[in-house]
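Comments concern the structure below.
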Amino acid sequence: MAGVKIVTCHQLLPEMAADLNQVETVIFVDAAAGGAAGETAVSLVKEDNTELVSTHHLSPAALLAYTELLYGQLPTAYLVTVGGASFDLGESLSPEVAAQLPTVLQAVKKLLPDHSLTSSGIGGFA
Amino acid sequence: MAKTITIDPVTRIEGHSKITIQLDDRGQVADARFHVTQFRGFEKITEGRPFYEMPSLTARICGICPVSHLIASAKTGDDLLAVQIPETAGNLRRIMNLAQIAQSHALSFFYLSSPDFVMGFDSDPAARNIFGVMQKYPDLAEDGIALRKFGQEIIELLGGKRIHPAWVVPGGVSAPLSEEHHQEITQMLPDALERIQRTLRWFKGVYETFDDETRTFANFPSLFMGLVDEEGELALYDGRLRIVDAVGNIVADQLDPSRYMDFLGEAVEPDSYLKSPYYKPHGYPAGIYRVGPLARMNIISRCGTPLADQEWAEFCSIHRGAVLSSFQYHYARLVEILYCIERIQQLLDTPTILSKHVRAHASPNRFEGIGTSEAPRGTLMHHYKIDENGLIRWVNLIIATGHNNMAMNQGVKQVAQHFIRSTNIEESMLNRVEGVIRCFDPCLSCSTHAVGQMPLHVQLIGPDGELLDEKVRG
């Protein structure tokens with residue numbers, strides 16, 4: 001898909017600020033603890049430089065703050081969250097969450113007005 | 001009345017710990033202890049698993065330096081297979097290890113420690129963080145981000161992903177280096193070189209302003225240990241162990257790491273999950289030694305690359321004999337990043353680096369194997385015993401942070417004795433106690449093979465056990 005890059009990661013990392021400096025729009029997609037299983041929510045993300053610094057955790061808002069402080073510009077940022085059903089050890093999505101994937105995909109596609117996201121891209125989301 | 005101070009948790013380090021500081025009847029620091037309060041126990045979890053799963057399993061010990069565990073574990077697997085891995089595989093593993101050390105050092109220096117150098121140890125803690133560095137010295141912060149990205153991208157190009165790549169396997173690596181990726185890595189090197197040289201110039205211009213910290217941050221005589229090659233050059237992937245004393249004399253050289261039990265003991269203290277290794281010939285606790293960047297700079301005869309050798313010579317000139325202050329771990333990290341960049345270039349230039357022969361195949365030929373390499377924080381040892389089916393029966397992991405346990409404890413005591421002047425925990429004292437631990441860049445998730453973050457908890461306790469003051473952060 002031209003113009004769209006999918007990055008899979010287990011957590012956000014400081015050096016991703018250099019990547020965010022290169023894009024117009026970033027969409028963070030993640031599981032959410034709490035809420036109904038499979039429930040999809042979309043929100044705008046604003047930069048926040050008040051977060052406690054840790055190498056084990058970096059929020060989308062703090063990463064955006066890095067980007068602005070270092071490079072002086074910000075992409076438009078969205079957060080798409082999907083309510084998790086189970087956070088126990090496992091190798092696949094729970095049936096409740098898996099059933100909601102088309103809804104998640106639709107939510108992401110709506111944020112990409114100039115592109116169409118094919119189903120082959122789903123595997124790229126962590 | 002004697003008292004105790006407790007710092008729990010410790011911040012801007014990897015893992016979870018607390019510090020207690022014991023005061024005597026006169027209110028002077030009598031003792032201080034660094035307690036590692038997390039535990040996961042990979043040595044037990046992995047029993048019964050096939051040995052070839054160990055690189056992937058043990059890499060999960062840490063998200064910062066998974067490559068170090070991958071390499072030490074795969075080398076243990078090589079030993080169990082009793083194979084000589086292809087030369088190209090060894091060189092590709094070396095490149096990944098160098099990239100790993102560069103990115104980990106960048107994280108430690110720029111992300112965790114530079115706020116103290118830029119803002120000052122006594123500055124407002126609300127601004128003493130990476131955001132403060134970005135605002136005051138954006139170029140420095142950008143260099144840090146770029147050097148971290150440099151290391152991570154090489155790991156990803158080689159292993160397919162940045163965190164927990166499964167590319168390093170017993171017998172070699174699972175795929176050769178492509179011409180395209182060779183070119184991509186080569187093109188990254190000049191920019192990384194420029195950035196680390198700029199950072200070195202900056203740090204050499206400011207570190208002398210931290211005279212108090214240099215004098216008191218774990219600045220004492222000890223042994224130093226690390227791997228060197230046959231010529232005494234810096235060896236981060238393989239080699240033999242050299243031990244140097246505080247004066248710079250070689251105490252032992254070309255020790256076979258696989259015989260570590262002959263010369264390293266592991267003491268256990270009741271108040272910490274972190275073991276206390278020591279050099280057996282000197283006994284416990286006299287056999288205290290340090291590992292990691294400072295130790296490596298102290299033990300080697302030279303780095304082995306032109307620019308790093310120049311910087312190493314300058315580094316050595318700051319103190320007669322071995323450099324004893326652990327504050328200089330930060331300086332040593334920068335010299336090592338420079339070395340890593342130069343060494344990657346050397347390895348990429350080897351004629352066989354694009355060879356497709358990158359893996360030796362065999363079944364286990366031994367029931368016991370040991371693998372040793374240098375991780376960012378120091379010497380890393382994996383030791384496995386397997387049964388006739390290749391299943392793990394016994395594991396011992398000696399992690400870099402563990403080697404430094406006694407030195408970290410002694411360093412905390414030294415800082416506490418210098419900076420504590422009342423029964424209250426002052427912010428400047430708190431940050432310096434954390435600061436001495438940060439010099440070692442300990443990874444407690446690695447050293448106890450445990451999960452979790454590393455906030456700080458400090459307690460100040462009197463001689464009768466009364467809790468006088470307490471601070472919790474993180």
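Lettering follows sequence order; numbering is per chain, from 1. Values in this document were obtained by computation on a predicted structure and should not be read as measured data.
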Please evaluate residues A:Asn49 and B:Met134 with respect to the criterion side-chain contact (heavy atoms from CB on, under 4.5 Å), reporting the C-alpha separation (whole Å), side-chain torsions for both, the decisive distance (0.1 Å), and the verdict. CA-CA 11 Å; A:Asn49 66 1; B:Met134 288 173 177; over 6 Å; no

Partner set under side chain to side chain donor-acceptor pair (under 3.5 Å) for B:Glu53, not counting sequence neighbours: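 Once residues adjacent in sequence are excluded, the partners of B:Glu53 under the side chain to side chain donor-acceptor pair (under 3.5 Å) criterion are B:Arg49.
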
Are any of the side-chain heavy atoms of A:Glu15 and B:Phe150 separated by less than 4.5 Å? no

Going by heavy atoms in the side chains, are A:Leu13 and B:Arg148 under 4.5 Å from each other?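 Sidechains of B:Arg148 and A:Leu13: in contact.
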
If you measure from NZ on B:Lys136 to CG on A:Leu69, what distance do you get to the nearest 0.5 Å? 15.0 Å

From CD (B:Glu142) to OH (A:Tyr66), nearest 0.5 Å: 15.0 Å

For A:Tyr71, I'd like to know if atom OH has over 12 heavy atoms of other residues, nucleotides or ligands within 6.0 Å.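 Check passes, neighbour count above 12.
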
For residues [X] and [Y], report the shortest heavy-atom separation together with the two atoms involved.
X	Y	result
A:Ala18	B:Ile145	CB-CG2, 4.3 Å
A:Ala65	B:Phe131	CB-CE2, 3.7 Å
B:Leu107	A:Pro14	CD1-CG, 4.2 Å

Identify every side-chain donor-acceptor pair in residues 97-107 of chain A under 3.5 Å, counting partners at least two apart or on other chains, and give the distances.
| unit_1 | atom_1 | unit_2 | atom_2 | d |
| --- | --- | --- | --- | --- |
| A:Gln100 | OE1 | A:Thr103 | OG1 | 3.4 |

